[in-house]
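Shown next, in structure tokens, is the structure this report addresses.
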Amino acid sequence: MIASPHPNKPPKVISLPNDWLEWHGKQLNIDTSNSTKYDVIFHLFGEQRMPSLLGVLQFTSKVHVFVNSKKYPAEVMKQFITDGGFYEIPVDPFDPESVRTSILRKIEELPENVRIGFNLTGGTKLMYAGALNACRNVNATPFYFDSENNKVIFLNDFKIESIKPIDSVETFIKLNGDDLIITKNGSWEDISNINHPKRRSLTLKLWQYRSRVAKLYRELCNYNDEKNLKTFDIKNNSAGISLSLKGNKQAEIIFTDRKGEDLRFTFDEWHDFAIYISGGWLEEYTYMLLEPFVSSGHIKDIRIGLEVSFKEKKKPITQGGNSISDQLSSLLSDQKEFQNTLTDTYQELDIVFTDGKKLFIIECKAGNTKSDHIMKLDNIVRYFGGIQGKGVLASCFMPNSNVVKKKIADAMNLDSVAGRDFSHQLESYIKRITRR
């Protein structure tokens with residue numbers, strides 16, 4: 001290299017560090033004609049799992065090797081590797097030399113002339129340092145996922161590609177759910193009576209009369225237990241609304257305007273009518289506002305009422321007596337416990353959707369918003385969506401409490417839409433987060 005240390009002095013030849021020459025020389029020989037297929041990809045795996053998932057989905061590889069600590073096992077990634085091999089390399093995440101040597105020992109087991117990629121996005125900074133050094137030693141291709149800007153950067157030549165979108169919300173749930181499984185997939189069509197010709201009109205009317213309906217919530221609490229549904233007949237003259245659910249599950253709601261004229265909605269076989277009136281209608285109203293963004297492609301996948309539950313634990317075979325009666329009693333006991341585990345719901349998500357990049361969870365509140373609602377949503381978003389997840393508190397009414405307002409403002413991953421301008425706020429929010 002020829003350089004001039006001073007503008008008034010002649011240039012001179014200077015030498016370069018051997019490691020730079022080795023790295024640069026090897027990089028000149030890298031075949032970059034195909035950046036999507038590898039024989040082996042090493043992933044730095046840590047607390048945040050999304051970087052490794054992006055690497056698995058972005059590239060085709062025969063084998064995926066996850067470099068991780070004992071604190072963060074990578075077993076969860078097996079479900080996303082259908083055709084390739086799965087391996088883990090346990091390392092000390094704060095010892096870069098351990099990371100480097102562990103990776104190189106694994107590479108020594110591989111045949112010659114394999115195409116190797118390094119996903120350096122996850123893990124600790126010291127894991128990054130050790131893995132990058134190993135990558136340079138074997139002339140592999142390092143890359144980094146910038147999920148905030150939706151791009152993957154190849155660190156050898158800084159070429160940039162777009163990150164492949166994630167088309168299903170279930171992918172996020174499976175990635176972060178650990179011992180949870182999806183027991184209700186949240187399909188719109190699975191809602192009872194959802195296709196009734198007057199259902200949508202009723203939902204729109206309830207938004208119009210939301211302040212009046214709110215006066216009935218306290219009394220409705222006695223009837224919206226899904227496991228113990230009861231008939232009821234509620235009338236509130238000041239609100240101009242009457243509700244009833246008869247023994248044959250016929251539901252009826254009557255709105256009375258100021259002129260004394262009635263608008264009546266009647267439905268057959270609507271057993272969870274009280275749950276709908278208590279707030280389920282707001283979930284449906286919000287979903288209806290989001291539907292156009294699914295058609296336009298801004299939203300890749302959306303669910304309503306998606307439920308996740310604990311996995312049933314495999315119970316060891318009970319050693320009963322020798323008699324048929326003892327064996328039958330034991331079998332019935334095991335079946336009862338199995339059924340109980342299947343109904344152990346962990347969380348129901350009012351509305352959840354993805355734009356292909358992040359997971360968004362909307363919590364709908366038809367009544368007043370409280371501080372614990374914000375804390376709950378914040379925890380749910382972080383658990384299922386990771387650090388990139390986003391939450392929205394959708395409320396009929398603007399919060400009155402300054403504490404609630406402050407908590408919403410302080411939450412980095414939460415937004416809110418509320419009050420009279422609800423639909424416009426939600427539309428603006430979707431356009432902002434999905435801006436291309």
Requested in this report: Would you indicate whether Tyr144, at its atom OH, is surrounded by more than 12 heavy atoms from other residues, nucleotides or ligands within a distance under 6.0 Å?
Outcome: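 Counting neighbours around OH of Tyr144, 12 or fewer heavy atoms of other residues, nucleotides or ligands fall under 6.0 Å, so no.
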Query raised in the report: Has Asp410 got more than 12 heavy atoms of other residues, nucleotides or ligands less than 6.0 Å from its CG?
Result: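 Count over threshold, so yes.
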Requested in this report: Would you check if the side chain of Asn379 reaches a backbone N or O of Met375 as a donor-acceptor pair within less than 3.5 Å?
Outcome: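 Yes, Asn379 side chain to Met375 backbone: donor-acceptor pair under 3.5 Å.
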Query - Side chain Asn193, main chain His196, donor-acceptor under 3.5 Å - result: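 Answer holds: no.
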Please determine whether a side-chain nitrogen of the Lys or Arg among [X] and [Y] lies less than 4.0 Å from a carboxylate oxygen of the Asp or Glu.
{"X": "Arg115", "Y": "Asp39", "result": "no"}
{"X": "Arg432", "Y": "Asp415", "result": "yes"}
{"X": "Arg303", "Y": "Glu170", "result": "yes"}

With distance as the sole criterion, is a donor-acceptor pair present between the side chains of [X] and [Y] under 3.5 Å?
{"X": "Thr121", "Y": "Asn119", "result": "yes"}
{"X": "Trp270", "Y": "Asp272", "result": "yes"}
{"X": "Asp92", "Y": "Ser98", "result": "no"}
{"X": "Thr203", "Y": "Tyr276", "result": "yes"}

Query - Given Tyr72, Phe143, Phe66, the one that forms ring pair (Phe, Tyr, Trp, His ring centres under 6.0 Å) with His43 - result: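 Answer to the ring pair (Phe, Tyr, Trp, His ring centres under 6.0 Å) test with His43 among Tyr72, Phe143, Phe66: Phe66.
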Query - Residue from Phe293, Phe360, Tyr287, Trp188 passing ring pair (Phe, Tyr, Trp, His ring centres under 6.0 Å) with Phe353 - result: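 So, applying the ring pair (Phe, Tyr, Trp, His ring centres under 6.0 Å) to Phe353 and each of Phe293, Phe360, Tyr287, Trp188, only Phe360 qualifies.
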